[in-house]
Amino acid sequence: MKVSFWLLDINYEVRNGKPEIWLWGISKNGERVLIIDQSFTPYFYAVPKEGVSPETVVEQIRSFSWVSQARTVKRRYFGKKVAAVQIFCRNPEKIPKYAKAVQKLDGVKECFEDDIRYSMRYLIDNDVVPCGWHEIEVEEPREKLDVKVDHVYVAKASPKHVESTLTPELKILGFSIICYSSKGMPKPEKNPVVIISVATNDGRERQFVAESNDDKPVLEAFMRYVHDFDPDIIVGYGSNRQDLPYLTKRCQVHGIRLRLDRIGGEPHTSVYGHVSITGRANIDLYDFADEFAEVKVKNLENLADYLGVMKRSERTIIEDVDYAEHWESPEKRKLLLKFSAENTRCIMGIASRILDFATQLSSLVGLPLDHVGTAAVGFRVEWFIIKHVHKIGELVPKRRERPYTPYAGAIVLPPKPGIHENIAVLDFKSMYPNIMVAYNISPDTYIPPGEPPPPSGFFEAPEVGHRFRKEPPGFYKEILTYLISVRDKIRSQLKSLSPKSVEYRVLDARQKAVKVVTNASYGYAGWIGARWYIKPVAEAATAWGRSIISNAVKIAEKLGLTVIYGDTDSLFVKHEPEKIEKLSKEIGEKIGLEIKPDKIYTRVLFTEAKKRYCGLLPNGQLDVVGLEVVRGDWATVAKKVQEKILEIVLKEKSPRKAVEYVHRVIGEIREKKTPFRELVIWKSLTRPLDEYAVRAAHVEAAKLLLKEGWEISTGDKIGYVIVAGEGKLYERAKPYVLANYDEVDTEYYVQKQILPAASRILQMFNVKKEELLPPKTAEKTKLTEFF
DNA sequence: GCTTCAACAGTACCT
DNA sequence: ACAGGTACTGTTGAAGCG
């Protein structure tokens with residue numbers, strides 16, 4: 001019997017001493033299926049020492065009772081041929097231990113791939129793709145299993161991956177919780193889950209609410225609901241780190257088990273910190289928030305607002321410090337219930353905008369859907385590489401600790417300060433990936449100093465002199481060529497589709513996933529944590545990059561194009577189409593890379609600073625780069641003022657009008673008419689509180705939260721305001737949730753927020769800071785008028 | 001003992 | 001827990017001053 005299924009989740013079980021791979025999927029006809037594959041034997045490799053034959057190692061290894069098979073195989077390591085011994089064994093969990101024993105053998109130099117987990121091993125070796133379609137020959141199982149699916153099958157052969165852009169109809173359940181503690185952060189040991197709000201993608205919404213703070217019925221009702229709806233995907237926001245561990249512990253306190261999965265077990269935290277719910281995909285949307293760099297404070301309401309799910313201004317927002325007071329009051333409790341329901345509605349909305357990307361990323365890099373969000377960028381790239389190089393027999397190097405040694409990066413040209421009219425921004429498209437392709441830069445093509453060059457020749461990087469063989473193509477070249485061409489192909493396909501169609505949505509998500517992996521490839525190459533880290537690989541890419549951009553500048557100037565600015569792979573030049581055309585042509589011929597106008601600014605303003613400017617686009621939009629407007633660590637009021645100044649200055653060319661505007665805003669601040677929220681400054685904690693060498697405002701604010709019983713962790717964004725009083729700035733920082741407007745130091749906001757942000761722009765028009773303060777005479781005028 | 005100032009710490013941005 | 005290059009603010013402690 002043949003089954004077609006889309007792979008949702010994968011896990012393994014050891015039954016009767018035998019490992020089994022469990023593939024959870026959705027079949028073509030919409031049935032939920034579990035396919036059990038008992039045929040896959042885990043293994044790892046041992047590479048013999050110089051002068052030792054692999055056969056000798058095979059002999060030595062046979063003495064271990066746990067070895068089910070050992071054979072010599074041909075593999076590669078950093079592109080070089082190696083004879084290795086592949087060692088199979090029954091128990092996947094013992095592999096690291098077995099590898100250690102083998103490592104100790106006389107003839108063994110190093111073991112490999114003992115750090116590849118069994119289920120990933122299975123996916124890679126069988127070319128099984130998460131969130132992808134497969135066909136498989138199966139039979140009915142001999143025994144009955146107590147699992148929640150329509151059908152259980154036993155595999156008779158390995159699954160065959162089938163290329164398809166179809167996605168099955170997935171059942172999605174979103175949830176959020178509210179926990180109650182009379183003071184400070186709720187603790188699962190003692191504080192109840194008072195509200196659980198659930199929504200499902202069939203349009204239903206439910207709330208489970210505690211009576212008299214007894215949450216056992218709430219938890220049980222939630223479990224029943226999940227069981228009855230039987231979702232394929234469970235989504236939350238912060239659910240990996242907060243909600244699911246809390247619910248799990250809370251159930252334990254009541255002596256029950258949180259059962260949400262398809263086999264009757266508890267959720268458990270696993271690789272990269274994801275919470276696994278067997279048979280379903282548990283997705284924490286927070287793990288995808290990094291994709292939206294424009295959102296500075298990555299909480300649910302901000303992300304929902306940004307993605308157009310629910311406007312912040314139309315939401316009921318309650319700070320966590322205020323949950324208790326809302327829960328305790330019968331009147332305010334209604335608001336809390338509304339807030340919670342809206343949270344889940346936001347989760348569902350965000351899910352609908354992220355899940356296509358998540359599934360595409362999962363199938364592209366080969367990580368299971370519930371892992372791919374929690375895996376850091378470097379690991380996503382790495383799994384994509386592992387998946388690819390398996391096909392060419394490249395052994396996966398061990399991750400090892402290395403000292404950090406810096407290397408030179410890109411060139412940034414000093415900008416020509418002032419306002420420039422009609423400026424074209426030229427860009428090298430995917431510069432580093434294309435450089436790596438063009439010069440065959442790869443871990444497996446690198447020729448170390450002293451090694452004789454191959455007859456087919458080599459490329460030598462400028463400045464740094466690193467050499468890379470021309471032939472055969474390295475795996476970076478193969479991977480990047482594939483990624484670049486696939487993205488081009490998808491993008492041309494998209495042009496013939498309606499943006500509203502399902503196919504468009506899926507393909508667009510796919511090209512985004514491809515883009516993410518492509519763009520991260522250079523960074524991966526220079527990451528000391530990378531398994532295939534070779535510093536010269538990254539160093540050569542930037543060296544070629546520097547030479548390319550420098551040459552481009554020379555060519556531009558030779559053609560009479562004034563270069564206003566440039567950063568890494570971009571050049572800002574006067575928009576003169578014929579010259580630009582010539583430039584593009586010459587660069588293509590001489591350098592072999594493509595440079596294209598990316599956008600044209602009607603007007604663009606530079607100060608003396610690099611990486612900070614503001615351009616006016618033909619459609620009237622402002623493009624603010626690097627300035628306070630786009631920074632998350634300035635008070636909103638200052639950012640708004642600067643943005644308005646930029647608009648006035650670039651559109652109306654009237655610095656005088658801008659100055660008047662600043663006067664008005666400063667007046668409003670001093671009268672405390674500015675909304676309190678616009679005074680909040682947000683900064684991240686980048687380390688534990690006690691590891692800071694100097695005292696800083698956001699750190700002191702965090703300590704105050706801690707004192708109030710709130711847990712603080714690295715990575716949290718602390719929102720604070722500066723209050724009036726004596727002493728250093730850090731002594732006057734207070735978490736905004738604990739502060740009153742009355743105590744705010746408005747002069748700080750005038751002097752240290754508004755003035756610097758405004759003056760940054762207006763100093764270009766010779767406006768002095770003093771001139772930005774509202775004139776006292778204005779007050780007099782007002783008073784005279786009054787009298 | 002006070003002010004001044006350069007070095008440093010810290011954060012967030014750009015490509 | 002993908003790279004290096006850059007701007008900027010506030011803290012710190014030594015230098016400079018009298």
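All chains are named by letter (A, B, ...) in the order of the sequence lines, taking the proteins before the strands, and each is independently numbered beginning at 1. Bear in mind that the values here come from a model prediction, so they are computed numbers and not experimental data.
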Nucleic acid contacts - [range] versus DNA chain C, non-hydrogen atoms under 4.0 Å:
{"range": "residues 540-548 of chain A", "result": "none"}
{"range": "residues 631-646 of chain A", "result": "A:Trp634"}
{"range": "residues 358-377 of chain A", "result": "A:Ala376, A:Val377"}

Residue among A:Ile669, A:Val665, A:Ile761 satisfying side chain to side chain contact (heavy atoms under 4.5 Å, CB included) with A:Val641: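 The single option meeting the side chain to side chain contact (heavy atoms under 4.5 Å, CB included) with A:Val641 is A:Val665.
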Only one of A:Val553, A:Leu571, A:Leu426, A:Leu583 passes side chain to side chain contact (heavy atoms under 4.5 Å, CB included) with A:Leu561; say which it is.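 Among the candidates, only A:Leu583 passes.
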Mark yes or no for whether [X], through its side chain, and [Y], through its backbone, hold a donor-acceptor pair below 3.5 Å.
{"X": "A:Tyr613", "Y": "A:Val624", "answer": "no"}
{"X": "A:Asp427", "Y": "A:Lys429", "answer": "no"}
{"X": "A:Asp444", "Y": "A:Phe475", "answer": "yes"}
{"X": "A:Ser584", "Y": "A:Ile580", "answer": "no"}
{"X": "A:Arg603", "Y": "A:His420", "answer": "no"}

Mind checking [X] for me? I need base, sugar-phosphate or nothing, with any heavy atom below 4.0 Å counting as a touch.
{"X": "A:Lys717", "value": "sugar-phosphate"}
{"X": "A:Tyr613", "value": "sugar-phosphate"}
{"X": "A:Tyr432", "value": "nothing"}
{"X": "A:Tyr404", "value": "sugar-phosphate"}
{"X": "A:Ala410", "value": "sugar-phosphate"}
{"X": "A:Gly529", "value": "nothing"}
{"X": "A:Tyr272", "value": "nothing"}
{"X": "A:Val630", "value": "sugar-phosphate"}
{"X": "A:Gly526", "value": "sugar-phosphate"}
{"X": "A:Val625", "value": "sugar-phosphate"}
{"X": "A:Lys728", "value": "base"}
{"X": "A:Ala538", "value": "nothing"}
{"X": "A:Arg760", "value": "sugar-phosphate"}

Under 4.0 Å from OP1 or OP2 of [N]: is there any side-chain N or O of [X] that close?
{"X": "A:Arg687", "N": "B:dG10", "value": "yes"}
{"X": "A:His698", "N": "B:dT11", "value": "yes"}
{"X": "A:Lys610", "N": "B:dC13", "value": "no"}

Value in whole Å for how far the [atom2] atom of [N] lies from [atom1] of [X]:
{"X": "A:Tyr730", "N": "B:dG10", "atom1": "OH", "atom2": "P", "answer": "14 Å"}
{"X": "A:Glu691", "N": "B:dG10", "atom1": "CD", "atom2": "P", "answer": "10 Å"}
{"X": "A:Lys683", "N": "B:dG10", "atom1": "NZ", "atom2": "P", "answer": "13 Å"}
{"X": "A:Leu413", "N": "B:dT15", "atom1": "CG", "atom2": "P", "answer": "12 Å"}

Of all residues at least two apart in sequence or in a different chain, which pass the ring-ring contact (aromatic ring centres under 6.0 Å, His included) check with A:Tyr736? A:Trp682
What pairs with A:Phe468 under ring-ring contact (aromatic ring centres under 6.0 Å, His included), at least two apart in sequence or on another chain? A:Tyr446
Could you pull out every donor-acceptor pair under 3.5 Å between side chains of residues 370-379 of chain A and any protein atom, sequence neighbours left out?
unit_1   : atom_1 : unit_2   : atom_2 : d
A:Asp370 : OD2    : A:His274 : NE2    : 3.4
A:His371 : ND1    : A:His274 : NE2    : 3.4
A:Thr374 : OG1    : A:His371 : O      : 3.0

Using distance only, find each side-chain donor-acceptor pair of residues 398-414 of chain A under 3.5 Å and give its atom names and separation, not counting sequence neighbours.
unit_1   : atom_1 : unit_2   : atom_2 : d
A:Lys398 : NZ     : A:Cys111 : O      : 2.9
A:Lys398 : NZ     : A:Asp114 : OD1    : 2.9
A:Arg399 : NH1    : A:Glu382 : OE1    : 2.9
A:Arg399 : NH1    : A:Gly529 : O      : 2.8
A:Arg399 : NH2    : A:Glu382 : OE1    : 2.5
A:Arg402 : NH1    : A:Ile528 : O      : 2.8
A:Arg402 : NH1    : A:Ala530 : O      : 3.2
A:Thr405 : OG1    : A:Lys535 : NZ     : 3.3
A:Tyr407 : OH     : A:Tyr522 : OH     : 2.8

Gap separating the [atom1] atom of [X] from the [atom2] atom of [Y], nearest 0.5 angstrom:
{"X": "A:Asp623", "Y": "A:Cys614", "atom1": "CG", "atom2": "SG", "result": "7.5 Å"}
{"X": "A:Asn434", "Y": "A:Ile591", "atom1": "CG", "atom2": "CD1", "result": "12.5 Å"}
{"X": "A:Leu361", "Y": "A:Leu367", "atom1": "CG", "atom2": "CG", "result": "8.0 Å"}

Can you check whether A:Trp527 and A:Tyr533 have ring centres sitting under 6.0 Å from each other?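 So the answer is no for these two rings.
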Can we say [X] and [Y] salt-bridge, meaning some charged N sits less than 4.0 Å from an Asp/Glu carboxylate O?
{"X": "A:Arg732", "Y": "A:Glu726", "answer": "no"}
{"X": "A:Glu700", "Y": "A:Lys703", "answer": "yes"}
{"X": "A:Asp115", "Y": "A:Arg531", "answer": "yes"}

Below 4.0 Å from chain A heavy atoms, what is the first contacting nucleotide of DNA chain C and what is the last?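 So the contact region on DNA chain C extends C:dA1 to C:dT12.
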Where are the stems of DNA chain C, defined as at least 3 consecutive Watson-Crick or wobble G-U pairs with both distances under 3.5 Å?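 B:1-15 with C:3-17 - these are the stems of 3 or more pairs that involve DNA chain C.
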Test salt bridge (charged side-chain N to carboxylate O under 4.0 Å, His left out) applied to A:Glu113 - qualifying residues, sequence neighbours left out: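 Scan of A:Glu113 (salt bridge (charged side-chain N to carboxylate O under 4.0 Å, His left out), adjacent residues dropped) gives A:Arg121.
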Does A:Arg612 or A:Gly409 map to a spot on DNA chain C nearer the 5' end, using the closest nucleotide for each?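 Looking at the nearest nucleotide for each, A:Gly409 comes out on the 5' side.
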Which side-chain N or O atoms in residues 562-569 of chain A pair as donor and acceptor under 3.5 Å with protein atoms at least two apart or in another chain?
unit_1   : atom_1 : unit_2   : atom_2 : d
A:Tyr565 : OH     : A:Lys611 : N      : 2.9
A:Asp567 : OD1    : A:Lys611 : NZ     : 3.4
A:Asp567 : OD2    : A:Lys611 : NZ     : 2.8

Selection: residues 567-574 of chain A, any non-hydrogen atom under 4.0 Å of DNA chain B: A:Asp567, A:Thr568, A:Asp569
